[in-house]
Protein chains: 2
Amino acid sequence: MKTREKILTQSLKLFNAQGMAQVGVRDIARHLGVSPGNLSYHFPKKEDLVLELVNRMRAVNDQCYNTYFSGIPSLPGFLQTMRGVFSNQYDHQGLLIGQEEMRRILFNEYDYKAVEERRKTHFKTIFLGLAAAGELKLESEDADFLVSYMTLFGRFWILESFVSTPELSKEEAVEKYLRLLARQLALFATEQGKGSLNSFFE
Amino acid sequence: MKTREKILTQSLKLFNAQGMAQVGVRDIARHLGVSPGNLSYHFPKKEDLVLELVNRMRAVNDQCYNTYFSGIPSLPGFLQTMRGVFSNQYDHQGLLIGQEEMRRILFNEYDYKAVEERRKTHFKTIFLGLAAAGELKLESEDADFLVSYMTLFGRFWILESFVSTPELSKEEAVEKYLRLLARQLALFATEQGKGSLNSFFE
DNA sequence: GTCTATACAAGGATAGAC
DNA sequence: GTCTATCCTTGTATAGAC
């Protein structure tokens, strides 16, 4: 494996274990048996390293969503998609828990506002699609309400999990929050949708 | 005002403006016209300073909840309480946004698990009280579901607000997330409860 | 292109004089 | 209570070996 890849792999491992702020470039270098300066060569700033990891996480998430959009809208399909997303988020917990740092970096890098908007329309499309498919029954501003729920929940379930129930395994945590999400969706589900949800967890 | 108080006031101001990680002890000292060493005298570690600010925030929050418990359970009462809590959280945004740092500190300081449990039973008591008062209609595990919702939402609405809509003023942000909370509660409200909710926002 | 060694700046923390 | 001086760690930059 190339050094660059090794750095990324090892960094993520350390970030997940100790948090971004606690892991210094010297730590990473030591774990790899290379010099700190070598890190600087591959990633001039620690930010660059983090940004690369964030981009990879996002790429996997996007793939999950794309798979969803390539099929027929359904609640089980959506939950399966979110299971993939949650699992991926869990694998990058170190980045997500270091919220502040990550936010600062992304803020400088992207048109953050645009990314946020895209995220929202994304979910709105999904929910309206589920309504059209007869899975959800959405009145007046229910779709926007669900979008608000989804953006907050989808971003912070993992932080909540670590704060509230740090003893859970990855599978347990993902399933727990997937069920909470399903329960929320059930509040807006048609009879058909409720059947879909029940079948998903069997 | 004693130097100790001045330090706390100024620190919070700077933390809110720039984030905990971005504000150094030297910055705080310079803004106060005292030496960095003087800060160390009053707060040996930066952690100690943060911890004191967190404790004060919590004290105000507890006061909000105590006021609620001293009255008759009602949805408007609860929302009013949460408006106070949200407002207080907003005033301490710097601490809450520096999630990682704060969590590390609290983890060492308290029996964190116990605090989390207390928080949950707290909300459960509130929701069961609202059900008993005829405001909410809770079946089987609805109460636990709402508690899960409330702990996550109550902790992360402010982060979500800054990520998602950083342009909002304090009042706008607090009202926005208070309405989202109300909307969630409305999903479990009795006819009486729905009336209560509507009256609250008029 | 890849890596080591090393220097520098900035931040938290401490000791000791006043 | 307050200050100065100093130490240690961490992120960052670069000169130069291979």
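In what follows, chains carry the letters A, B, and so on, assigned in the order in which the sequence lines appear, proteins first and then strands, with residues in each chain numbered from 1.
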Inset, instruction - Whole angstrom is fine here: how far is it from CD1 in B:I28 over to P in C:dA10? - result: 18 Å

Legend entry - Rounded distance (Å) that lies between atom P of C:dG11 and atom CZ of B:F15: 13 Å

Inset, instruction - Could you pull out all residues at least two apart from A:R30 that satisfy salt bridge (Lys or Arg N to Asp or Glu O under 4.0 Å)? - result: A:D27

Legend entry - Criterion side-chain contact (heavy atoms from CB on, under 4.5 Å) against A:L53, the qualifying member of A:L49, A:L51, A:N55: A:L49

Inset, instruction - Kindly write out the residues that satisfy ring-ring contact (aromatic ring centres under 6.0 Å, His included) with A:F69, not counting sequence neighbours, or none if the list is empty. - result: A:H122

Legend entry - Contacts of type ring-ring contact (aromatic ring centres under 6.0 Å, His included), residue A:Y149, not counting sequence neighbours: A:F153

Legend entry - Partners meeting salt bridge (Lys or Arg N to Asp or Glu O under 4.0 Å) with A:R83 (sequence neighbours left out): A:E175

Legend entry - Closest to side chain of B:V34, choosing from D:dC3, D:dT2, C:dC3: D:dC3

Give me the distances for all protein-to-nucleotides 10-13 of chain D N/O pairs that come in under 3.5 Å?
from: D:dG11; atom 1: OP1; to: A:K46; atom 2: NZ; distance (Å): 3.2
from: D:dG11; atom 1: OP2; to: A:V25; atom 2: N; distance (Å): 3.0
from: D:dG11; atom 1: N7; to: A:R26; atom 2: NH1; distance (Å): 2.6
from: D:dG11; atom 1: N7; to: A:R26; atom 2: NH2; distance (Å): 3.4
from: D:dG11; atom 1: O6; to: A:R26; atom 2: NH2; distance (Å): 2.6
from: D:dT12; atom 1: OP2; to: A:K46; atom 2: N; distance (Å): 2.9

Inset, instruction - Please determine if a side-chain N or O atom of A:Y41 lies less than 4.0 Å away from the OP1 or OP2 oxygen of C:dT2. - result: yes

Inset, instruction - Ignoring backbone atoms, test whether A:N38 places a side-chain nitrogen or oxygen under 4.0 Å from the OP1 or OP2 oxygen of C:dT4. - result: yes

Inset, instruction - Start with the C-alpha gap between A:D91 and A:K170, add the side-chain angles, then the distance that decides, and say whether salt bridge (Lys or Arg N to Asp or Glu O under 4.0 Å) holds. - result: CA-CA 9 Å; A:D91 293 337; A:K170 173 179 171 180; 2.9 Å; yes

Inset, instruction - Starting at atom CE of B:M1, determine the distance to atom P of D:dG1, rounded to an integer number of angstrom. - result: 16 Å

Inset, instruction - Rounded off to whole Å, could you give me the CZ-to-P distance for the B:F43 and D:dT2 pair? - result: 12 Å

Legend entry - Value in whole Å for how far the P atom of D:dG1 lies from CD of B:E5: 12 Å

Inset, instruction - Check whether any side-chain nitrogen or oxygen of B:T3 sits under 4.0 Å from OP1 or OP2 of D:dT2, and answer yes or no. - result: yes

Inset, instruction - Look at A:H42 and C:dG1 and indicate whether a side-chain polar atom (N or O) is within less than 4.0 Å of OP1 or OP2. - result: no

Legend entry - Protein-nucleotide distance (B:R30, atom CZ; D:dT4, atom P), rounded to Å: 15 Å

Legend entry - Qualifying side chain to side chain donor-acceptor pair (under 3.5 Å) pairs with a residue from residues 129-140 of chain B, counting only residues at least two apart or across chains: B:E135-B:Q192, B:E135-B:S196

Legend entry - Value in whole Å for how far the C1' atom of C:dC3 lies from CG of A:L32: 13 Å

